[in-house]
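Written out below as structure tokens is the structure these notes cover.
Any value given below was found using the heavy atoms of this structure, including those in side chains, with hydrogens, waters and symmetry copies removed.
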Amino acid sequence: MRTAIFALYFLTIIAAAPLRAHHAFAAEFDANKPVRLEGTVTRMEWINPHAWIHIDVKKPDGTVEKWMIEGGTPNTLLRRGFNKNSLQMGTVIIVDGYQAKDGSSKANGRDLTLPGGKKLFLGSSGTGAPRDGRDPTESKR
Amino acid sequence: MAPDFLLWLERTTGSIALHESLWVYPIVESVHVLTLCLFLGTAVMVDLRLLGVVLRRVPVSEVLTRLRPWMMAGFAVMIVSGGLLFYAIPVRTYLNIFFRIKVALLALTGINAWIFHRSIYLSVAEWDLALVAPRRARAAGAASLFLWAFIVVAGRMIAYNWFDPPEVH
């Protein structure tokens with residue numbers, strides 16, 4: 001009996017282990033719900049463990065929707081060409097990403113396009129971006 | 001909404017330096033998990049000895065005194081690194097339901113350990129060599145095992161669930 005209880009206890013812990021795979025994209029975001037958002041930066045949260053870009057998106061009917069775009073860690077973003085001051089308030093950006101599973105106005109960012117056309121990858125944790133096959137100019141590995 | 005104290009804490013130089021850091025935050029996170037392994041790895045051995053599962057021929061007091069330095073060292077660094085993680089992200093952590101569950105469970109493990117040391121463990125000389133410890137000691141060991149399992153799960157959930165304060169939206 002005692003052996004059975006402990007076997008059960010450790011099996012439970014082992015079963016919970018895969019949940020530890022870091023920052024489960026699939027737990028929060030839906031790879032089948034890609035979104036493309038054009039909006040004005042209202043705030044850039046340069047924070048661990050994930051940065052957040054806040055944008056106001058104007059909808060066709062004129063209303064404004066507030067979105068939060070999740071990026072990688074500050075370290076990840078720095079290595080992709082960002083710094084803390086890269087996104088000034090008021091900058092209009094286009095974000096490609098994947099919407100939150102719960103349907104809220106949150107997305108996991110794949111990449112963003114700056115007004116001059118320059119593109120930056122957002123260090124998405126989920127789709128394997130930037131090597132998720134969506135970029136035709138990218139060399140295949 | 002979060003207390004003013006936490007809103008202030010989030011704006012202190014140290015908190016900003018931590019949550020904006022390139023390396024320190026992930027290192028603190030790693031230290032927190034590694035020292036959890038050291039602490040919980042040894043604590044589980046003590047609990048299992050009380051339950052009569054491991055080290056049955058070693059006196060309970062010896063298992064406890066030999067493992068205690070490792071346990072306490074792990075615990076101390078784990079608490080400090082955990083405190084730093086809270087200091088880095090105070091408001092969202094405070095708003096996080098899993099953080100609140102974790103704090104409540106931590107308080108319970110403290111009470112459990114305190115009761116154990118102030119009651120049945122006082123008479124350890126009488127049952128030090130018992131293959132299976134008395135019921136109250138076994139209960140303390142079992143409670144510790146289950147509370148810590150849920151604390152680890154709650155801690156993991158904190159990292160994966162963001163609770164944004166309303167003014168952020």
If I take atom [atom1] from residue [X] and atom [atom2] from residue [Y], how far apart are they, to the nearest 0.5 angstrom?
{"X": "B:I16", "Y": "A:W46", "atom1": "CD1", "atom2": "CH2", "answer": "15.0 Å"}
{"X": "A:H54", "Y": "B:D164", "atom1": "NE2", "atom2": "CG", "answer": "7.0 Å"}
{"X": "B:R92", "Y": "A:E45", "atom1": "CZ", "atom2": "CD", "answer": "4.0 Å"}

- Item | Contact origin within B:L145 toward chain A - heavy atom pairs under 4.5 Å | both
- B:V28 portion near chain A, given a 4.5 angstrom heavy-atom threshold: neither
Under a 4.5 Å side-chain heavy-atom rule over Ile, Leu, Val, Met, Phe, Trp and Tyr, are [X] and [Y] clustered together?
{"X": "A:V92", "Y": "A:L87", "answer": "no"}
{"X": "B:L38", "Y": "B:V152", "answer": "no"}
{"X": "B:L34", "Y": "B:I27", "answer": "no"}
{"X": "B:F163", "Y": "B:F5", "answer": "yes"}
{"X": "A:I55", "Y": "A:I94", "answer": "no"}

- Does NZ belonging to A:K101 count more than 12 external heavy atoms closer than 6.0 Å? yes
- Message: I'd like to know whether CZ of B:F150 has more than 12 heavy-atom contacts from other residues, nucleotides or ligands below 6.0 angstrom.
- Response: no
- Task: Among A:N75, A:I47, A:N48, find the residue that satisfies the side chain to side chain contact (heavy atoms under 4.5 Å, CB included) test when tested with B:Y25.
- Result: A:N48
- Can you see which heavy atom on B:E20 is nearest to which on A:P74, and at what distance?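 That closest heavy-atom pairing would be O-CB, 3.9 Å.
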- Item | For chain A, which residues of residues 50-83 of chain B have heavy atoms nearer than 4.5 angstrom | B:L51, B:G52, B:V53
- Query: Can you pull the side-chain hydrogen bond (donor to acceptor under 3.5 Å, both in side chains) pairs that have at least one residue in residues 32-42 of chain A, sequence neighbours excluded?
  - Reply: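 Non-adjacent pairs meeting side-chain hydrogen bond (donor to acceptor under 3.5 Å, both in side chains): A:R36-A:D96.
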- Message: Does any backbone or side-chain atom of A:W52 lie under 4.5 Å from a heavy atom of chain B? Answer side chain, backbone, both or neither.
- Response: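 Just the side chain, heavy atoms under 4.5 Å.
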